[in-house]
Structure formats: structure tokens, C-alpha cells
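Just so it is clear, the model here is predicted, and its values are computed rather than measured. In this chain, residues are counted from 1 in sequence order.
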Amino acid sequence: KEHLEIEDVSIETIHPTQLVYTRKTMANYANAEVSLDRWVELSNLCDELDLKSDGSYIVTYHSNPLEQFLYTDTDIEFGISVEDVGEAKEFRTFGNFTAATAIHLGNYADIMHTHVRLVQWINKNQYKIVGPVSEEFIISPLDINNINEHVTKIIIPVEKIQKNKEV
């Protein structure tokens with residue numbers, strides 16, 4: 001089994017994009033299962049509003065990092081990037097921040113390990129987490145059935161910890 005190595009982490013600017021989204025608390029949640037019903041709900045919302053997607057699904061966990069793996073009630077936003085928000089009321093800008101990112105290849109049920117390694121890297125490299133954790137589904141179960149070919153990008157907003165200089 002491949003493991004995320006330090007060099008697999010990137011610090012990058014996440015450019016702003018418009019998301020149409022739904023946000024709700026899911027009871028007793030553990031993210032080993034992809035909530036395809038929420039994706040379908042979002043796709044239907046885009047169809048109703050006649051919006052054209054121009055990107056991937058992005059799931060944002062409005063909780064503490066790693067909490068989405070603990071079978072707790074979790075505040076989760078499912079969003080999709082669209083070309084134009086039209087008359088959608090449920091939209092926001094996603095991005096416009098610096099993030100530590102890592103790519104998870106393969107079975108989504110194993111993604112917790114990639115999350116843990118990314119948080120460890122952030123802590124070891126003098127960064128601090130400054131926003132909710134997101135996952136971008138680059139190649140998702142909606143794109144391809146083979147779980148070994150799924151590609152998920154983990155996005156964690158960070159900023160560098162400034163060391164106080166001795167006077």
C-alpha cells in the first residue's frame with residue numbers, strides 16, 4: 001500500500017471559484033462512504049436552476065480537522081463549481097486562500113490516512129490550520145466505477161506560524 005510521503009504535500013494558492021452548495025448536519029457521520037445522494041441533490045439543484053458546472057464536486061467539513069471520521073454529527077457542505085451562479089441563492093466563493101494540499105489516489109474508504117499525514121505535515125512544518133478542511137473529487141465515483149482510479153484532493157487552509165524574534 002502506498003503511503004503519503006512528505007514530498008507529496010503542496011502549499012498552493014486556491015483560486016476563487018463560485019460554488020452552488022447545500023449545507024446540513026449529517027448525524028453519526030463517518031466519511032468512509034461517499035454520500036452520493038447529496039451529490040445527486042446538488043446535480044438536481046443545478047439542473048433546476050439551469051446552471052452549468054465547470055469543475056469538480058467539493059465537500060467541506062465545517063468541523064475540527066479529522067472529526068469527519070469520528071461518527072459524530074458533522075456539518076457538511078457539498079458544493080460544485082459553476083460557470084455562472086444565475087439566480088441561485090445557495091452559492092458562495094470558494095478559494096482565495098493558501099492551502100496545504102495532498103492527493104489521495106484510490107479507495108475513498110482509506111482517505112483518513114492521507115488526512116492524518118497531511119495534518120501531521122502541517123504541524124511539523126510550522127503551519128497552522130485557519131479554515132475548514134475540503135475535499136475536491138477530481139475523479140469521482142460519478143466519473144468512473146473503478147475505485148483504484150479515484151482521485152481526491154484534500155485542501156486545508158493554512159498560514160505560516162511566525163516565529164517571534166528575540167529582542
Side-chain angles (χ1 to χ4, degrees), residues 2-24 26 29-47 51-69 74-85 88 90-122 127 129-159:
E2 286 186 34
H3 291 289
L4 178 73
E5 299 299 333
I6 297 298
E7 59 270 12
D8 295 335
V9 173
S10 298
I11 296 295
E12 61 182 283
T13 299
I14 304 301
H15 296 289
T17 184
Q18 295 298 312
L19 292 186
V20 169
Y21 71 95
T22 62
R23 181 174 170 177
K24 56 182 87 161
M26 295 177 76
Y29 181 79
N31 86 335
E33 292 298 316
V34 175
S35 303
L36 290 178
D37 54 328
R38 293 281 304 270
W39 292 17
V40 169
E41 176 186 26
L42 200 54
S43 180
N44 291 341
L45 178 63
C46 286
D47 288 346
L51 300 175
K52 183 165 173 37
S53 167
D54 67 352
S56 309
Y57 283 92
I58 296 175
V59 177
T60 300
Y61 302 98
H62 295 278
S63 59
N64 293 320
L66 307 179
E67 210 169 73
Q68 69 269 28
F69 301 104
T74 306
D75 180 0
I76 307 175
E77 172 188 306
F78 284 70
I80 189 165
S81 176
V82 292
E83 290 176 0
D84 177 23
V85 295
E90 298 296 323
F91 79 90
R92 73 176 185 99
T93 300
F94 174 83
N96 205 22
F97 55 80
T98 299
T101 64
I103 299 294
H104 177 80
L105 301 173
N107 193 343
Y108 189 72
D110 297 333
I111 200 166
M112 182 174 88
H113 304 293
T114 309
H115 274 267
V116 168
R117 285 189 194 87
L118 182 54
V119 170
Q120 287 173 334
W121 186 94
I122 290 167
Y127 284 91
I129 297 171
V130 295
V133 174
S134 298
E135 295 170 346
E136 179 180 2
F137 291 83
I138 296 168
I139 300 176
S140 77
L142 297 179
D143 301 315
I144 196 163
N145 280 333
N146 183 347
I147 61 173
N148 296 320
E149 295 181 25
H150 293 169
V151 178
T152 310
K153 181 178 187 176
I154 303 168
I155 303 168
I156 303 181
V158 294
E159 61 185 38

S.K.: What is the distance from atom CG of Asn145 to atom NE2 of His150, rounded to the nearest 0.5 Å?
M.R.: 7.0 Å
S.K.: What is the minimum heavy-atom distance between Ala100 and Val158, and which atoms define it?
M.R.: N-CG2, 3.6 Å
S.K.: When you check the side-chain N and O atoms of Glu135 and His115, is any donor under 3.5 Å from an acceptor?
M.R.: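 The criterion, which ignores hydrogens and geometry beyond distance, is satisfied for His115 and Glu135.
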S.K.: List in chain and number order the residues that pass ring-ring contact (aromatic ring centres under 6.0 Å, His included) with Phe94, two or more places apart in sequence or in another chain; answer none if no residue qualifies.
M.R.: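 For Phe94, the residues satisfying ring-ring contact (aromatic ring centres under 6.0 Å, His included) (neighbours in sequence not counted) are Phe97.
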S.K.: Calculate, to the nearest 0.5 Å, the distance between atoms CG and NE2 belonging to Leu118 and His113 respectively.
M.R.: 14.5 Å
S.K.: Is Thr152 close to Ile111 at the side-chain level, that is, under 4.5 Å between some pair of heavy atoms?
M.R.: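 Yes, side chains in contact.
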S.K.: Should we say atom CG of Asn146 is surrounded by more than 12 heavy atoms from elsewhere, each under 6.0 Å from it?
M.R.: yes
S.K.: Where the side chain of Arg38 meets the backbone of Thr22, is there a donor-acceptor pair that is under 3.5 Å apart?
M.R.: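 Flag set: sc Arg38 to bb Thr22 pair under 3.5 Å.
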S.K.: So do Glu41 and Lys24 actually touch side chain to side chain, heavy atoms under 4.5 Å?
M.R.: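 Lys24 vs Glu41: side chains touch.
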S.K.: How far apart are the C-alpha atoms of Cys46 and Ile80, what are their side-chain angles, what is the distance that settles it, and do they pass the side-chain contact (heavy atoms from CB on, under 4.5 Å) test?
M.R.: CA-CA 9 Å; Cys46 286; Ile80 189 165; 3.6 Å; yes
S.K.: Quick one: list whatever passes side chain to side chain contact (heavy atoms under 4.5 Å, CB included) with Thr74, sequence neighbours left out.
M.R.: Tyr29, Tyr61, Ser63, Gln68, Thr72, Ile76
S.K.: Run the side-chain contact (heavy atoms from CB on, under 4.5 Å) test on Val116 and Leu66 for me, step by step, so that the C-alpha distance in whole Å, both residues' side-chain angles and the decisive distance to 0.1 Å come before the verdict.
M.R.: CA-CA 7 Å; Val116 168; Leu66 307 179; 4.1 Å; yes
S.K.: Take Trp39 and Ser140 through the side-chain contact (heavy atoms from CB on, under 4.5 Å) test and state the conclusion after the steps.
M.R.: CA-CA 11 Å; Trp39 292 17; Ser140 77; 3.4 Å; yes
S.K.: Can you confirm whether His15 sits close enough to Thr13 that some side-chain heavy atom of one is under 4.5 Å from a side-chain heavy atom of the other?
M.R.: yes
S.K.: Looking at side-chain heavy atoms only, is the closest gap between Ile138 and Glu136 below 4.5 Å?
M.R.: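 Result yes, sub-4.5 Å side-chain heavy-atom pair found.
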S.K.: Got a second to check how far Ile154's CD1 is from Ser134's OG, nearest 0.5 Å?
M.R.: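 Ile154 CD1 to Ser134 OG: 11.0 Å, rounded to 0.5 Å.
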S.K.: State, yes or no, whether a side-chain contact exists between Val82 and Leu19 at a heavy-atom distance under 4.5 Å.
M.R.: no
S.K.: Looking at CD1 of Ile155 and OG1 of Thr101, how far apart are the two atoms once the value is rounded to the nearest 0.5 Å?
M.R.: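 Between Ile155 CD1 and Thr101 OG1, I get 7.5 Å after rounding to 0.5 Å.
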S.K.: By side-chain hydrogen bond (donor to acceptor under 3.5 Å, both in side chains), which residues pair with Asn96, not counting sequence neighbours?
M.R.: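 Result, side-chain hydrogen bond (donor to acceptor under 3.5 Å, both in side chains) vs Asn96: none returned.
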S.K.: Counting C-beta onward and ignoring hydrogens, is there a side-chain heavy-atom pair between Phe78 and Tyr57 closer than 4.5 Å?
M.R.: no
S.K.: Checking Val119 against Ile156 for the side-chain contact (heavy atoms from CB on, under 4.5 Å) test, could you report, in this order, the C-alpha distance in whole Å, the side-chain angles of both residues, the deciding distance, and whether it holds?
M.R.: CA-CA 8 Å; Val119 170; Ile156 303 181; 4.0 Å; yes
S.K.: How far does CG of Leu42 sit from CG of Asp37, to the nearest 0.5 angstrom?
M.R.: 11.5 Å
S.K.: Working to the nearest 0.5 Å, report the span between NE2 of His104 and OG1 of Thr114.
M.R.: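 Answer rounded to 0.5 Å: 4.5 Å.
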S.K.: Any idea which heavy atoms bring Ser81 and Asp54 closest together, and the distance?
M.R.: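 Looks like OG-OD1, 2.6 Å.
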S.K.: Side-chain contact test, heavy atoms from C-beta onward, threshold under 4.5 Å: evaluate it for Ile122 versus Val9 and give yes or no.
M.R.: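 No. Closest side-chain heavy atoms not under 4.5 Å.
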S.K.: Within a strict 4.5 Å, meaning less than it, do heavy atoms of the Thr98 and Pro157 side chains meet?
M.R.: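 Sidechains of Pro157 and Thr98: no contact.
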S.K.: Is a salt bridge present between Glu77 and Arg92, judged by a nitrogen-to-oxygen distance below 4.0 Å?
M.R.: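 The answer is yes: the pair qualifies as a salt bridge.
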S.K.: Considering non-hydrogen atoms only, spot the tightest contact between Gly79 and Tyr21 and give its length.
M.R.: CA-CB, 3.9 Å
